[in-house]
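Notes follow once the structure below has been shown.
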Number of protein chains: 2
Amino acid sequence: MQVSGGDLQRLRQLNSLGSIRALREASGPLTVSELAARTGLSRNSVIDVITGLHECGWIAEVEPAPGGMGRPAKRYRFRADAGHVLGIDIGVHKVLAVITDLAGRTVSSGRVAVDPHAARPERLEAVWRAVDAALVASGLSGTDLWGVAVGSIGVVNREGTVTRVESLPDWPGVDLAGHLGQRLSCPITVENDSKLAALAEQRLGVAAGVSDLVYLHAGRRSGAALILGGRLHHGFGGATGEVGLMEMTGWRTMATDLENSPAARDAPPEDAARVVFTAARAGDPAALAAVDAYAHHLALGTAAMVLTLDPELVVLGGGFSRSADVLLPALRRALEPHCLRVPDIRPSTLGEECAALGAACLALTHVDEHFFSPDGSISRPSAPRRLV
Amino acid sequence: MQVSGGDLQRLRQLNSLGSIRALREASGPLTVSELAARTGLSRNSVIDVITGLHECGWIAEVEPAPGGMGRPAKRYRFRADAGHVLGIDIGVHKVLAVITDLAGRTVSSGRVAVDPHAARPERLEAVWRAVDAALVASGLSGTDLWGVAVGSIGVVNREGTVTRVESLPDWPGVDLAGHLGQRLSCPITVENDSKLAALAEQRLGVAAGVSDLVYLHAGRRSGAALILGGRLHHGFGGATGEVGLMEMTGWRTMATDLENSPAARDAPPEDAARVVFTAARAGDPAALAAVDAYAHHLALGTAAMVLTLDPELVVLGGGFSRSADVLLPALRRALEPHCLRVPDIRPSTLGEECAALGAACLALTHVDEHFFSPDGSISRPSAPRRLV
DNA sequence: TGACTATCTATGGACTCCACCATAAGTCGG
DNA sequence: CCGACTTATGGTGGAGTCCATAGATAGTCA
C-alpha cells in the first residue's frame with residue numbers, strides 16, 4: 001500500500017486522477033452522478049473536479065443521453081484524442097510501428113519488411129521508414145508524440161541496452177533510445193519484444209485483467225515473459241523467462257527439429273512449421289509425432305516456470321500460436337505429468353501486432369505524469385518538449 | 001500506482017499514516033521538525049496530526065535530547081508496545097511460537113519438540129503448548145493479540161488450507177485457522193513455512209530491502225519461496241517454488257543421497273548431513289564429492305528459477321545453511337554453467353526462528369487496518385474482539 | 001397541463017493545511 | 001551573571017477543498 005497524503009492540492013490531484021481513471025476505464029461517457037458513485041466523492045466535489053479538467057481540455061462534454069426520467073444529465077468522456085504514443089516492434093524479418101491514442105486504440109501503423117541478414121544501419125533505417133509511414137498515416141508529426149516504447153529481440157537491461165541476442169550478430173549494444181532520440185523528443189523506453197507482447201495480451205488481449213501469467217513465444221525463436229502481480233516482471237538484468245537456456249529443455253533446437261521433420265516435405269524453412277501443423281491437423285502420423293516432440297520440449301521449459309510461479313494463466317503466443325488448435329492440446333497433454341495443477345492455457349488473440357501494441361501500452365504508462373505540472377496544478381494536454 | 005483520494009478526513013488519515021510510518025521506520029524518536037521533513041508536511045500540520053495520535057495513545061513523548069543549540073525539541077516515538085502479534089511455525093520436529101511487538105521485535109517465544117511421526121491431534125496439542133508458553137513468558141493473554149499467522153509445511157492455498165504435504169500423511173486438509181480460532185479471536189492467516197522464512201529474511205534478515213529474491217530451503221526437506229516486487233509471491237494455488245517436483249532436478253532424493261554418502265560414517269540420519277559437511281570442510285574427498293553432487297542438484301532447480309526470474313539475490317536457508325561456508329561456494333560453482341549471470345547468494349542469518357519471525361511479520365501487515373475506525377476517525381490501540 | 005423525477009446551481013458550514021509572528025527555552029561568549 | 005543567538009513552540013488568520021442542503025431547471029409520463 002502506497003501512502004501518499006500531503007497538501008490539499010494533492011488531495012485534489014488524487015481526486016482528479018481518480019475521475020480521469022474512471023472516465024478512461026468506463027465503456028462510454030459518464031454523468032456526474034455516475035462519476036460520484038465510482039469515485040466515492042459527493043456530487044458537488046465531482047463538479048468542481050471535472051470543471052477543472054474540462055477547462056484544461058482533458059475531458060469533453062457529450063450529448064445527453066436521450067430518453068430516461070428526470071432532467072437529462074450532462075455526460076463527459078475522457079479525451080483520448082488529446083495525445084498519441086508510438087509503439088515499435090523491431091523483429092528479425094520486419095519492423096512494425098503503431099500509433100495509438102491515449103486510450104490505447106490503434107490510430108495508424110506502418111510495416112516494413114527487413115532482410116533477416118540485414119546489418120544494423122539498414123535495420124535502423126527501416127525503423128525510421130516504419131515510423132514515418134505510421135506518422136504520415138495518422139497526420140501527426142514526431143513532436144506530437146507523448147511517448148515511445150521500442151521492442152527488440154534479445155535481452156534488454158534496466159538501462160535500455162540490448163545485451164544479448166542470438167539471431168542478429170551485430171545487434172547487441174545498439175543504442176535504440178539514442179537513435180530514436182535524434183528525431184523524437186519524448187521519453188523513449190526500450191524493452192524485450194516478448195515482454196511487450198505479454199503486456200499487450202494482459203491489457204488488451206486474451207489475458208485482460210489477469211494478474212499472474214506466463215507468456216510463451218512459440219515460433220521459429222522461443223522465449224517467454226512474465227506478468228506478476230499485474231505488472232511486467234523485468235528482472236534484475238532484464239533476463240527473465242530465459243528458462244530455454246537450460247539444455248535439458250531442448251528449447252534451442254525444438255523449432256528447427258519441427259521444421260526438419262519428414263512431415264515438412266521439403267517446404268522452405270519459413271513455411272515448414274505451417275506445413276507440419278497442417279499435416280498434423282489432417283492426422284498425418286509423422287506430423288503428429290513432430291508436434292508431440294515439439295510440445296514435449298516446450299512443456300519442459302513451461303513446467304519449470306509454472307512450478308516456480310503457479311500462474312493463473314499461460315498464454316500461447318508467437319507464430320506457432322496460429323496453429324493453436326493442434327499445438328495447444330498437445331502442450332496441455334505434455335504439461336500434465338509435470339505439474340501439480342495445469343493452469344489455463346489460451347492462445348494469443350492479438351497476432352502479429354502484439355509486441356508493437358504492447359510497446360504502445362508501455363509508452364502509455366508515462367501519460368499519468370502529464371496530468372499535473374510540477375507546481376501541482378492541472379496542466380493542459382501537450383507533448384513533452386525535451387527528453388526526460 | 002494506487003490512487004486513493006477522497007474526503008478531507010481521508011487526507012488526514014493518509015497524513016497520520018505517513019507520520020506513523022515515519023516514526024515506525026525511524027531508528028529513534030523524532031522531533032516535529034524531523035517529521036515535517038520526512039512527511040513533506042508543514043510544521044503546523046505535523047503538530048495537528050501528532051496531537052491526535054498522541055491523545056489516542058499511538059505515539060508517546062520522549063525526553064528531549066540533551067545538548068544541542070536552541071530550545072530543546074519534544075521528541076515522539078511510535079508505541080510499538082501498544083499491541084502484539086503471534087507468529088507460529090509448525091515443523092516436522094518442533095513447533096515454535098514467537099510474540100513480537102508492533103515493530104516486529106521479539107518479546108517472547110515458546111518451543112515444543114514434536115515426534116516426527118506424531119499424529120495430527122498430538123501436533124495440534126503441541127501448538128497450544130508452544131503458544132501458551134510464549135503467552136506466559138510475555139505476560140499477555142490470547143485476547144491481547146492483534147493478529148496471528150501460522151506457517152506450515154506443505155502447499156497452502158489462498159483460503160489457508162493445507163492441500164499437499166509429503167512428510168506428514170495426515171496433515172493435508174487440516175483447518176489451522178479454525179483450530180486456533182477456538183481460543184483466539186484475532187485475524188488468523190495460514191501460509192507455507194518457506195514463504196514465511198523468505199519474508200523474514202526480506203524484512204529483518206540478510207535480504208533487507210531487496211525486492212526480488214529467491215529463498216532456498218536446503219535441509220532434509222527441500223523447497224523454495226519467492227519475493228517479487230517486494231511482496232511475497234503466493235501464486236494462484238499457493239504452489240510456488242515447487243520446481244523440485246521436476247524429476248530431472250533430483251530435489252526429491254538429493255538430501256537423502258547426501259546423508260547416505262560413505263562420508264557420513266553411519267551417523268544417525270539427523271546428524272549425517274552435518275558430519276558430511278564437517279568432513280568436507282576438512283577436505284575429505286568422499287564428503288566433497290557428496291557435497292558437490294548435492295550442490296549440483298540444488299543448482300539445477302535453482303537455475304530454473306533464476307533463469308525464469310533473474311532475481312537480484314538468492315538466500316540460502318534451511319538447516320544446511322549452517323554449513324554455508326562449504327555449501328555456498330559449491331552451489332555457486334554448480335550454478336555458473338547454467339546461468340547468464342549468477343546472482344548474489346547469501347546465507348540466511350535468522351536461523352531456526354526464521355519461519356516463526358516471518359509469520360509475525362505477516363501478522364503485522366494487518367496492523368495498519370487498526371489505526372482508524374470504520375467512520376474514519378483515529379481509533380485507540382486495541383486488539384480486535386471478533387474474528388474477521 | 002400538472003405530477004413526477006433526476007439533474008443542475010447556489011449558499012453556507014466544517015475541516016485541513018499553510019504562512020506568519022510573537023514567545024519560550026535552551027546554548028554560547030564575554 | 002547577562003545578553004546575543006538559535007531553535008522550537010503556540011496562536012491567529014487565510015486559502016483551499018469537500019460536503020449538506022435547498023431551490024431552480026428540464027425532461028418524461030399520464
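All chains are named by letter (A, B, ...) in the order of the sequence lines, taking the proteins before the strands, and each is independently numbered beginning at 1.
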message = For C:dC17 and B:Ser45 - does any side-chain N or O of the residue sit under 4.0 Å from the phosphate oxygens OP1/OP2?
response = no

task = To the nearest Å, give me how far apart CZ (B:Arg12) and C1' (C:dC18) are.
result = 13 Å

ask   = So how far is it from B:Leu86 CG to B:Leu184 CG, rounded to the nearest 0.5 Å?
value = 7.0 Å

query = A:Ile47 near the nucleic acid: base, sugar-phosphate alone, or nothing, with a heavy-atom cut-off under 4.0 Å?
reply = base

inquiry  = Using the side-chain heavy atoms of B:Asn44, tell me which of these nucleotides is nearest: D:dA26, D:dC19, C:dA19.
reply    = C:dA19

message = So if I take every side-chain heavy atom of A:Leu8 and compare against D:dG16, D:dT28, D:dC18, which nucleotide ends up nearest?
response = D:dG16

Reported OG-to-CZ distance for the pair B:Ser373 and B:Arg380, which is rounded to 0.5 angstrom = 10.5 Å

task = For the side chain of A:Ala73, starting at C-beta, report the closest nucleotide among C:dA24, D:dG10, C:dC8.
result = C:dC8

note = One should read off an interatomic distance between A:Arg75 CZ and A:Glu61 CD, to the nearest 0.5 angstrom, of 10.5 Å

remark   = Atom CG of B:Leu35 and atom C1' of D:dA8 are separated, to the nearest Å, by 14 Å

query = Can you check the A:Met69 CE to D:dT28 P distance for me, whole Å?
reply = 10 Å

Closest-nucleotide ordering on DNA chain C, the 5'-leading residue of A:Gly6 and B:Pro72 = A:Gly6

request  = Have a look at A:Ser33 and say if it touches a base, only the backbone sugar-phosphate, or nothing, with a 4.0 Å heavy-atom cut-off.
outcome  = sugar-phosphate

Side chain of A:Arg43 (C-beta onward), nearest among C:dT16, C:dC20, C:dC8 = C:dC8

inquiry  = Please determine whether a side-chain nitrogen or oxygen atom of B:Lys74 lies at a distance below 4.0 Å from atom OP1 or OP2 of C:dA25.
reply    = no

task = Can you figure out which of C:dT16, D:dT28, C:dC18 approaches the side chain of A:Asp7 most closely?
result = C:dC18

query = A:Arg75 CZ to D:dG27 P: how many Å, rounded?
reply = 14 Å

message = Counting only side-chain heavy atoms from C-beta out, which of D:dC18, D:dA26, D:dT28 sits nearest to A:Arg71?
response = D:dA26

ask   = Quick check, are the ring centers of B:His370 and B:Trp146 under 6.0 angstrom apart?
value = yes

note = In whole angstroms, the gap separating P of C:dC17 from CD of B:Gln13 amounts to 12 Å

request  = Nearest whole angstrom, please: distance from the P of D:dT17 to the CG of B:Leu14.
outcome  = 16 Å

Whole-Å distance separating the CD atom of A:Glu61 from the P atom of C:dT7 = 15 Å

key: Value in whole Å for how far the P atom of C:dC18 lies from CG of B:Asn15   = 8 Å

ask   = Just how far is it from atom CG of B:Leu350 to atom CZ of B:Arg203, taken to the nearest 0.5 Å?
value = 13.0 Å

